[in-house]
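See below for the structure under consideration.
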Amino acid sequence: YGKDSGHFVNHFAVLTALGDRFTEEERESLLATYQNNYIKKSDLKYLRSLGLNYVRVPFFWTEIMDFDGNIRTTAFDQLDWVIRECKALGMYVLLDLHGAVGGQSGGWLTGGHWDSNKLWTDEDCRLKTDTIWRTVAARYKDEPAVMGYDLLNEPMAPVEPAELSEYNTNSLYDRYYHVVRGVDDRHVIVTEAFVNFDALKTPAENGWENVVYEVHFYNDGEKENAAAQQGFINWIVSYLLEKREEYNVPVLFGEYNFWSAGDAWKTCMTNLSANGISWSSWTYKNTSHLKSDNWGYFYNPTVEQVDYVNDSFDEVARKWAGYSTDNYERNVYLTDIIKKCAAKTYADPGVAFAPSGITVDAYKTDGTDTVINMFDGDLTTRWANGEAQNGDGSQFITIRFGETARLTGLTLYTPNGDRAEKVEIYYSRKNQSWTKLTTANCNFGRTVISFPETEISSIKIVNVSESSTSWWCIHELKFFQKA
């Protein structure tokens with residue numbers, strides 16, 4: 001899109017075009033028409049009905065500050081409204097500065113200011129962004145419905161020699177971390193590990209407290225390759241589990257899309273939830289992509305576009321009023337997946353049971369990766385079988401308790417691809433024959449296996465998965481009994 005067509009994909013360009021043609025009051029009136037129709041109370045109620053408990057709310061810097069650097073009198077009209085409505089629905093709000101003053105995303109569209117990256121090189125832009133975060137944090141420092149502050153969306157430092165910055169991603173985040181902490185020492189601060197964790201030091205190295213590291217990953221080069229998307233999410237889950245331990249920090253999967261690969265969507269959200277990692281896909285509504293791209297929970301690629309160069313004030317207002325979700329079609333495929341994944345819970349199946357005098361045997365062990373490693377409380381050690389998974393039921397481990405126990409479940413933890421995708425659980429009472437208790441599909445990382453309270457003397461875990469490229473490993477095994 002370009003100026004000649006009167007259409008823009010750049011938020012800053014839209015604001016500029018409207019400002020060139022209308023008064024400040026008229027421009028703000030038009031923006032309010034768009035915002036008041038794009039997201040309504042009914043939209044938030046729908047998100048809650050899916051089982052979601054938080055929304056990541058992006059805002060552009062001009063929502064808070066005018067072009068002269070003054071805080072707007074209407075700065076919090078929209079944010080106050082969405083926080084209030086979410087609070088009434090039992091949902092949290094993550095405030096996401098999607099576009100900082102001058103742009104922060106390497107000129108990408110993701111910062112809302114095409115071909116501008118001045119936050120890195122212009123101190124005036126950084127000072128104005130200081131003011132914005134200081135003002136926002138002061139406003140919401142005592143608001144429990146605010147989940148936290150997502151300081152900058154997808155920051156990308158310039159690489160051209162003439163545009164190099166005195167800041168890198170970590171040091172720029174450190175600046176805004178201290179701006180917020182100067183006002184609010186209670187809320188979570190979210191920093192984005194963009195494009196990956198290499199961009200950030202650990203919280204301990206930075207002296208940061210109460211922080212979450214967020215990632216955004218897209219494999220858009222292989223949209224139609226379901227196997228590639230599935231492999232991609234397998235890598236993502238393993239990577240996040242690894243980095244969560246290495247950095248000793250909670251992680252958030254804040255943006256993603258797996259297009260039409262339904263199994264990858266399910267694998268992603270199921271595995272992340274099982275491991276205590278929150279997620280939020282991008283985005284809620286889609287006006288420019290095919291439904292099959294799954295960019296939104298609702299879609300309408302034929303919604304009437306505004307001509308910012310030629311449309312009158314009334315025409316812009318009429319067209320923007322049409323961006324209500326009432327005029328969009330629900331993406332049944334995607335929202336059904338989201339609802340199923342959000343409904344699943346992964347609490348421990350009771351209280352921890354600490355067996356004494358147990359005997360553990362494995363059909364095979366690889367070197368020092370012995371069975372005792374499953375009970376040492378160290379996620380970096382493991383038991384490993386040292387061979388491919390054959391799926392014929394001959395690969396198993398047996399745990400014999402020193403005394404009979406009444407158990408309600410167990411958890412397995414394997415943070416990488418060397419896991420059994422499916423196991424069968426058998427039990428025995430006082431050396432009687434084995435009885436099948438349940439079959440379970442295993443996640444990357446933590447798998448919760450619940451079953452009716454059962455009197456058990458011994459448990460056998462049998463691998464019924466087949467993989468010519470993966471061993472069978474378990475890093476931690478825990479048992480649970482009724483509270």
Side-chain angles (χ1 to χ4, degrees), residues 193 197-198 200-205 209 211-213 215 234-252 271-278 346-387 389 395-402 405 407-421 423 425 440 442-450 458-463 465 467 470-481:
F197 273 77
D198 292 343
L200 297 175
K201 298 178 182 178
T202 69
E205 289 172 324
E209 297 181 347
V211 295
V212 170
Y213 282 12
V215 295
N234 290 346
W235 170 82
I236 287 171
V237 175
S238 295
Y239 180 75
L240 294 183
L241 292 174
E242 173 192 340
K243 294 303 179 183
R244 182 172 67 177
E245 295 301 316
E246 178 184 340
Y247 279 66
N248 191 28
V249 66
V251 294
L252 164 67
N271 280 271
L272 294 179
S273 293
N275 287 284
I277 297 175
S278 295
Y346 297 91
D348 287 337
V351 297
F353 169 68
S356 59
I358 65 170
T359 302
V360 185
D361 296 309
Y363 84 100
K364 189 174 184 179
T365 292
D366 181 66
T368 59
D369 290 336
T370 62
V371 291
I372 196 65
N373 293 337
M374 293 187 291
F375 303 96
D376 64 1
D378 185 349
L379 297 180
T380 66
T381 64
R382 67 181 186 174
W383 164 76
N385 70 341
E387 66 179 9
Q389 302 175 43
Q395 299 174 328
F396 60 89
I397 58 173
T398 304
I399 301 96
R400 295 181 176 84
F401 302 115
L407 301 183
T408 55
L410 59 88
T411 60
L412 303 170
Y413 186 84
T414 303
N416 52 44
D418 286 335
R419 81 195 197 285
E421 292 190 2
V423 295
I425 310 297
C442 299
N443 302 311
F444 279 92
R446 178 172 170 266
T447 296
V448 178
I449 302 176
S450 300
S458 302
I459 274 185
K460 181 162 66 172
I461 303 173
V462 180
N463 182 0
S465 310
S467 173
S470 297
W471 293 1
W472 180 25
C473 303
I474 299 174
H475 288 236
E476 285 295 310
L477 172 59
K478 295 181 180 180
F479 299 100
F480 295 87
Q481 59 189 357

- Query: Is there a donor-acceptor contact under 3.5 Å from the side chain of His475 to the main chain of Leu379?
  - Reply: yes
- Would you say Lys478 has more than 12 foreign heavy atoms packed within less than 6.0 Å of its NZ? no
- Message: Using the side-chain hydrogen bond (donor to acceptor under 3.5 Å, both in side chains) criterion, which residues pair with Asp198? Sequence neighbours excluded.
- Response: none
- Can you check whether Pro349's main-chain N or O pairs, donor with acceptor, with Thr408's side chain at less than 3.5 Å? yes
- Indicate yes or no: at least one non-hydrogen side-chain atom of Ser470 is less than 4.5 angstrom from one of Arg419. no
- Would you say Arg244 and Asn275 make side-chain contact, with heavy atoms under 4.5 Å? yes
- Approximate separation, where rounding is to 0.5 Å, of Phe444 CZ and Asn234 CG: 3.5 Å
- Message: So Pro203 and Tyr213, do their side chains get closer than 4.5 Å, heavy atoms only?
- Response: yes
- Query: Looking at Thr411, Thr414, Asp348, which one forms a side-chain hydrogen bond (donor to acceptor under 3.5 Å, both in side chains) with Arg446?
  - Reply: Asp348
- Item | Side chain to side chain, Phe479 and Ile399, heavy atoms closer than 4.5 Å | yes
- Message: A side-chain contact here means heavy atoms from C-beta on lying under 4.5 Å apart; do Met374 and Ile397 qualify?
- Response: yes
- Message: Strictly distance-based, threshold 3.5 Å: is any side-chain N or O of Gln481 a donor or acceptor partner for the main-chain N or O of Leu407?
- Response: no
- Item | From Ser450 atom OG to Phe480 atom CZ, the distance as rounded to the nearest 0.5 Å | 9.0 Å
- Message: Nearest 0.5 Å, please: how far is SG in Cys442 from CG in Asn463?
- Response: 8.0 Å
- Is there a donor-acceptor pair under 3.5 Å between the side chain of Asn443 and the backbone N or O of Gly445? no
- Report yes or no: does Ser465 contribute a side-chain atom to a donor-acceptor pair with the main-chain N or O of Glu421 at less than 3.5 Å? yes
- Message: Can you confirm whether Ile449 sits close enough to Leu412 that some side-chain heavy atom of one is under 4.5 Å from a side-chain heavy atom of the other?
- Response: yes
- Message: For the CG atom of Asn271 and the OH atom of Tyr346, what is their distance to the nearest 0.5 Å?
- Response: 8.0 Å
- Item | Val251 vs Val212 side-chain heavy atoms within contact, under 4.5 Å | no
- What class does the angle between the rings of Phe197 and Tyr239 fall in, given that below 30° is parallel, 30 to 60° is tilted and above 60° is perpendicular? perpendicular
- Item | Euclidean distance, Cys473 SG relative to Asp366 CG, rounded to 0.5 Å | 8.0 Å
- Query: Is it true that Asp418 and Arg382 have a side-chain N and a carboxylate O under 4.0 angstrom from each other?
  - Reply: yes
- Task: Given side-chain contact (heavy atoms from CB on, under 4.5 Å), test Leu410 with Leu477 step by step and report yes or no.
- Result: CA-CA 7 Å; Leu410 59 88; Leu477 172 59; 4.2 Å; yes
For residues 350-364, tabulate all N or O donor-acceptor pairs below 3.5 Å that involve a side-chain atom, not counting sequence neighbours.
residue : atom : partner : partner atom : Å
Asp361  : OD2  : Arg400  : NH1          : 3.0
Tyr363  : OH   : Asn385  : ND2          : 3.0
Tyr363  : OH   : Glu387  : OE2          : 2.7
Tyr363  : OH   : Gln395  : NE2          : 3.0
Lys364  : NZ   : Glu387  : OE1          : 3.1

- Residue pair Thr202, Asn248: steps toward the side-chain contact (heavy atoms from CB on, under 4.5 Å) verdict: CA-CA 8 Å; Thr202 69; Asn248 191 28; over 6 Å; no
- Any Leu241 side-chain heavy atom under 4.5 Å of Tyr413 side chain: yes
- Backbone N/O of Thr368 and side chain of Asn373: donor-acceptor pair under 3.5 Å: yes
- Just how far is it from atom CG of Asp376 to atom OG1 of Thr381, taken to the nearest 0.5 Å? 3.0 Å
